[in-house]
Amino acid sequence: MGNPEFQIFNTMTKQKEVFKPKIPGKVSMYVCGVTAYDFSHIGHARVYVAFDVLYRYLQHLGYEVNYVRNFTDVDDKIIHNGCAYVIDGDVYFSVDNFPDYGRLSGRKLEDNRAGGRVAVDSRKKNPADFALWKSAKPGEPSWESPWGPGRPGWHIECSAMSTHYLSPAFDIHGGGMDLIFPHHENEIAQSCAACQESNVSYWMHNGFVTENNEKMSKSLGNFFTIREISKLYHPLALRIFLMGTHYRSPVNHSSEMLEIASERVFYIYQTLHDCEVVLSPFREGNLKDRVTPDTQKCINKFRTDFQTSMADDLHTSEVLTSLLEPLKTINTVLNSLKKQKQQLQQQLLIQSLVALEKEVKFILNILGLLASSSYSELLQQLKDKALGRAGLTEDQVLQQIEERTLARNEKDWGKSDQIRKALSLKGIGLMDVPEGTIWRPCLPNQQ
């Protein structure tokens, strides 16, 4: 049985479609980024993550991907051969002369008569007409043009860049859902009016990041920058948080969800670290491909679930859930290995660990979740972030552990529990092991 066909939800057709590139084996993709007026917030990060996952998955499928991303406003020129008029050096696109205007967003011209992104220019023939070229005001940067000095309109950059780097016809155009109208609608109109060959096969849009169920944006003052979040949480935690919801659905920002994401990253890499410690003496050995039946069953199911979920319009949330199974199996095998004395059975368990580790790392790499640092370094980074959120130093935590150990030795169970609960409230979990008491990040206990 072959892999399922990759399906993408096409905003233009409002349905999922089997992905078929214009050129077999090659994919051309353009994604709108941010207008750079401040540090990027996590709403912007969602665009980066969503389409980075798409890029990685397409590569996994064997495609050669030409991926163009627009991160800032860039002034470029494009010559239109129709549907335009000039007023006092400003060049406007006439939506009335473009019959297909509104086909992406589903809006009708009569719905666009009033208001919009900026105040309506009374000189326009239709309030929905948009600028292709703006005449320069005193002191503004400008370029010479047949209509006088000025600069390109807001929408021109993407038509110019995608045409220049990808050609007028390409496979995927992506961006945030807020760009469907007017930006992408206007981009389609001006590109098609300028070039009959202009065509995008699939339009993809990610959902918003919300704060208290309201779209996150600078204008509303309810946004958190990537820098701010990364001071408190590891970037991999932010990535998992954003991938934990399907890319087309809204994701509501909360510290609780980021804590859960951070906990998941720690669990993934603590499991891989424990696996690495056990496997390190066997790395140079002559290991066979034999694994336990339970291990093979787990790997087969995980790979099938991954292929099914990703082929269905990139359901990363389902992949993250299914990832827990091979991780649990690794821990089960590790526990079995501690108890197993029979040499052949030990070898079988070692080989099972190797296969499971390989599978987990393979999928993590496709998702962009494979750390560049060592497991131990990443775990320490996560612990440092947890200490920062708790407002504690590691020395202070170790001092609390010493006080708790002393209380336990004196059978003062009340004080022992009090210390554990106080740290747990701050996201610091204590674990009693044969060697003593250790700590690790945990979900803050709200009780």
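- Side-chain atoms of H155 and E187 form no donor-acceptor pair, as typed in the model, at a separation below 3.5 Å.
- With no hydrogens or angles considered, no side-chain donor-acceptor pair links E263 and Y267 at under 3.5 Å.
- With hydrogens and angles disregarded, a donor-acceptor distance shorter than 3.5 Å links the side chain of S352 to the backbone of T292.
- Every residue two or more places apart in sequence or in another chain that forms a side chain to side chain contact (heavy atoms under 4.5 Å, CB included) with R56 is listed here: D52, R239, N365.
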Exercise for the section: Walk me through it: do H44 and V47 pass the test side-chain contact (heavy atoms from CB on, under 4.5 Å)? Expected result: CA-CA 5 Å; H44 301 143; V47 182; 5.6 Å; no
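- Ring-plane geometry between H184 and W203 is classed as tilted, the angle between the planes lying from 30 to 60 degrees on a 0 to 90 degree scale.
- Side-chain atoms of S262 do not come within 3.5 Å of backbone N or O of L258 as any donor-acceptor pair.
- Nearest heavy-atom pair, A45 versus I226, reported as atom, atom and distance to 0.1 Å: CB-CD1, 3.7 Å.
- Taking a 6.0 Å sphere around CD of Q343, one finds it holds 12 or fewer heavy atoms contributed by other residues, nucleotides or ligands.
- In terms of modelled atom types and a separation under 3.5 Å, the side chain of S416 and the main chain of D412 share no donor-acceptor contact.
- Contact record, P182 with W154: CG-CZ3, 4.1 Å, taken as the closest heavy-atom pair.
- No donor-acceptor distance shorter than 3.5 angstrom exists from the side chain of R290 to the backbone of L348, with no hydrogens or angles considered.
- The two atoms that bring C32 and L179 nearest to each other are CB-CD1, 3.5 Å, heavy atoms only.
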Practice task
Evaluate the side-chain contact (heavy atoms from CB on, under 4.5 Å) criterion for residues L272 and E357: first the C-alpha distance (whole Å), next the side-chain angles of each, then the deciding distance (0.1 Å), finally the verdict.
Solution key: CA-CA 7 Å; L272 289 175; E357 179 197 45; 4.2 Å; yes
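- The closest donor-acceptor contact from the side chain of N335 to the backbone of N331 lies under 3.5 Å.
- Counting heavy atoms of neighbouring residues, nucleotides and ligands inside a 6.0 Å radius, atom NZ of K14 exceeds 12 of them.
- Y233 and E259 share a donor-acceptor pair across their side chains, judged by distance under 3.5 Å alone.
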Practice task
Start with the C-alpha distance between Y247 and D313, add both sets of side-chain angles, then the distance that settles side-chain hydrogen bond (donor to acceptor under 3.5 Å, both in side chains), and finish with yes or no.
Solution key: CA-CA 9 Å; Y247 78 90; D313 196 31; 2.6 Å; yes
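- When atom types are taken as modelled, the side chain of S28 and the backbone of D171 share a donor-acceptor pair closer than 3.5 angstrom.
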Exercise for the section: Check step by step if ring pair (Phe, Tyr, Trp, His ring centres under 6.0 Å) holds for H60 and F6. Expected result: CA-CA 12 Å; H60 162 67; F6 181 34; over 10 Å; no
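- For E5, the CD atom sits in a loose shell: 12 or fewer heavy atoms of surrounding residues, nucleotides or ligands are nearer than 6.0 Å.
- Around the CG atom of L324, the shell of radius 6.0 Å holds more than 12 heavy atoms that belong to other residues, nucleotides or ligands.
- Between Q380 and D384, the side chains place a donor N or O and an acceptor N or O closer than 3.5 Å (distance only, hydrogens not considered).
- A distance-only check finds a donor-acceptor pair linking the side chain of T163 to the backbone of S159 [under 3.5 Å].
- In this pair, Y55 and Y67 present their aromatic rings tilted. The plane angle is within the 30 to 60° band.
- Within 6.0 Å of the NZ atom in K22, the count of heavy atoms belonging to other residues, nucleotides or ligands exceeds 12.
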Exercise for the section: Before giving the answer on side-chain contact (heavy atoms from CB on, under 4.5 Å), spell out for L423 and W439 the whole-Å C-alpha distance, their side-chain angles and the decisive distance to 0.1 Å. Expected result: CA-CA 10 Å; L423 288 172; W439 76 272; over 6 Å; no
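- The local environment of NZ in K383 is crowded, with over 12 non-hydrogen atoms from other residues, nucleotides or ligands closer than 6.0 Å.
- Of all non-hydrogen atoms in I350 and F282, the two that sit nearest each other are CD1-CE1, 3.6 Å.
- Between the T437 side chain and the I401 main chain, no donor and acceptor come within less than 3.5 Å of each other.
- Although no hydrogens or angles enter the test, the distance criterion places no donor-acceptor pair under 3.5 Å between the side chain of R103 and the main chain of M12.
- For R69 and F51, the positive end is not near the middle of the six-membered ring at less than 6.0 Å and at most 45° from its axis.
- Y269 contributes a side-chain N or O that, together with a main-chain N or O of A371, makes up a donor-acceptor pair within less than 3.5 Å.
- The minimum heavy-atom distance linking P21 with F19 is given by the pair CD-CE2, 3.8 Å.
- Other residues, nucleotides and ligands place no more than 12 heavy atoms under 6.0 Å from the NZ atom of K20.
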Exercise for the section: Verify side-chain contact (heavy atoms from CB on, under 4.5 Å) between R404 and D432, making sure each step is shown before the conclusion. Expected result: CA-CA 11 Å; R404 179 174 174 272; D432 296 317; 3.0 Å; yes
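- Here D305 pairs with K301 in a salt bridge; the nearest charged N to carboxylate O distance falls below 4.0 Å.
- The heavy-atom pair separating G368 from L236 by the smallest distance is O-CD2, 4.0 Å.
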